[in-house]
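Here is the structure we will look at, set down as structure tokens.
Along the sequence shown, the residues carry numbers beginning at 1. Computation of the quantities below employed the complete heavy-atom set of this structure, encompassing side-chain atoms and omitting hydrogens, waters and symmetry-equivalent molecules. Order of appearance sets the numbers: ligands from 1, and atoms from 1 within every ligand.
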Amino acid sequence: MIVTNSQKKKRVLLGITGGIAAYKAAELARLLIQDGIEVQTVMTEAACHFLGSTTLQALTGKPVHTQLWDESVNNSMAHIDLSRAVDVILVAPASADFIAKIAHGLADDLLSTLCLARNCPLMVAPAMNRQMLENPATQRNLTTLQKDDITVLGPAHGIQACGETGMGRMLEPQELFEAVQNFFQPRLLEKKRILITAGPTFEAIDAVRGIINLSSGKMGYALAQAALGAGAEVTLISGPVCLTYPAVKKFIPITSANDMLTAVKNEVIFNDIFISVAAVADYRPAIAHTQKIKKSDNDLMLELIPNPDILQYVANLPNPPFCVGFAAETENIDQNAESKRHKKKLPLLVANLAQEAMGADDSTLLLFDDNGKHILPKAPKIDQARRLIAHIAALHKQHHS
Ligand code: C5P
């Protein structure tokens, strides 16, 4: 029987280092196993102080390795054998000490040795106290890891085990699981550069008030994630949202439509594909007061002026990237979507029903391109994003062949 790539069992080596977030690695292992991924666990000595290896052994159905000098391995080459038998190594949590070791090529225990001896990609999910993370030494080490093509997942902001609040929390098991799933996606956009706008824009009325569209940013962030999985180099320009951004090449936070336009103008020439998912406010107040407007009993008139159409600007450039627009419609989806596509001169427009999609985790997508209409039936946004990326990759290839 011929085993194709998609049928082949996916294999992950899960490295666990010493940190309170180690308990979350058990949940991560469970998610991976449930998805049919084979998990081999390696724990450092410090990790074993936080979490019992029996837990991981029971979850993964495989003995957990902790020692460099393992007599059960016939050739005493556990560090080589283990790293050769997997598609990717994910270290979660990765402590400051472990990151420092990897950055300097140290190899004084099983996990660091097999990372040094690996011939597969390595991903690390840092987890540490915020001050350890902010320390210039840790920052230097993380930069070194990135230069060495090691994927750094997170960390996130939030309450820490030590009681402090700040950057340094490990990403949640679900987020790490999605990063692993991403890793196994077909590399349909290898070496392609993609610019994505996401979230709403915020248009200031005064120092404390503003106009904002309802947009969670979930679809744009899912597309950034899916594009990364497809091997693309992603730049994400985002309005204010409450999401952790994926490990993109460049993340540019903005506030207003004008800020977004400036950022897009700066970035667009470096990109092959532009996906405009952002819910850009169509209007902004003619005057943004720098002081808070005092409350009174009188009516207050607000003069609104139109914002620039960012997507239209990009699509009309002399040498535009492959442009994809989004349209959230409340009625007459087909007619509105097709007329928007033609007006903005887009090879592809993705429409959804605003009432159904806003803030939700699932959505139905309708794709309009020169070949007609395609429906992506209701599914989680990350799955829709992966399907959409596959569609974009196919169209982009057609356009350039
Ligand atoms: O708001 P509208 O339905 O026209 O949005 C369609 C597409 O145009 C979306 O992809 C949106 O990101 C983009 N757009 C934009 N700048 C605007 C308004 C919309 O880039 N000012």
Rounded to the nearest 0.5 Å, how far apart are CG of L111 and CZ of F98?
-> 4.0 Å

Close-contact set for ligand 1 against D282 heavy atoms, below 4.0 Å | 1 (O), 18 (C)

Report the residue from D334, T330, N336 that forms a side-chain contact (heavy atoms from CB on, under 4.5 Å) with N332.
-> N336

Where does the angle between the aromatic ring planes of F322 and H396 fall among parallel (under 30°), tilted (30 to 60°) and perpendicular (over 60°)?
-> perpendicular

Taking atom 19 (C) of ligand 1 as the reference point, the nearest protein heavy atom with its distance | K344 NZ, 3.7 Å

What about P308: any of its N or O atoms under 3.5 Å from an N or O on ligand 1?
-> yes

Applying salt bridge (charged side-chain N to carboxylate O under 4.0 Å, His left out) between E38 and each of K62, R11, K10, report the one that passes.
-> K62

Around atom 13 (C) of ligand 1, find the nearest protein heavy atom and jot down its residue, atom name and distance.
-> S276 OG, 3.5 Å

protein heavy-atom neighbour closest to atom 3 (O) of ligand 1 works out as K340 NZ, 2.3 Å

So the atoms of ligand 1 within less than 4.0 Å of a heavy atom of A278 turn out to be 11 (C), 12 (O)

Looking only at protein heavy atoms, identify the closest one to atom 7 (C) of ligand 1 and say how far it is in Å.
-> F326 O, 3.1 Å

Side chains of N182 and Q225, donor plus acceptor under 3.5 Å | yes

Ligand-residue contact atoms, ligand 1 with G325, heavy atoms, under 4.0 Å = 10 (O)

Among protein heavy atoms, which lies nearest atom 20 (O) of ligand 1, and at what distance?
-> L311 N, 2.8 Å

Reported CD1-to-NZ distance for the pair I310 and K265, which is rounded to 0.5 angstrom = 10.0 Å

Hey, are H400 and D272 close enough side-chain-wise for a donor-acceptor pair under 3.5 Å?
-> no

of all protein heavy atoms, closest to atom 16 (N) of ligand 1 is I310 N, 3.0 Å

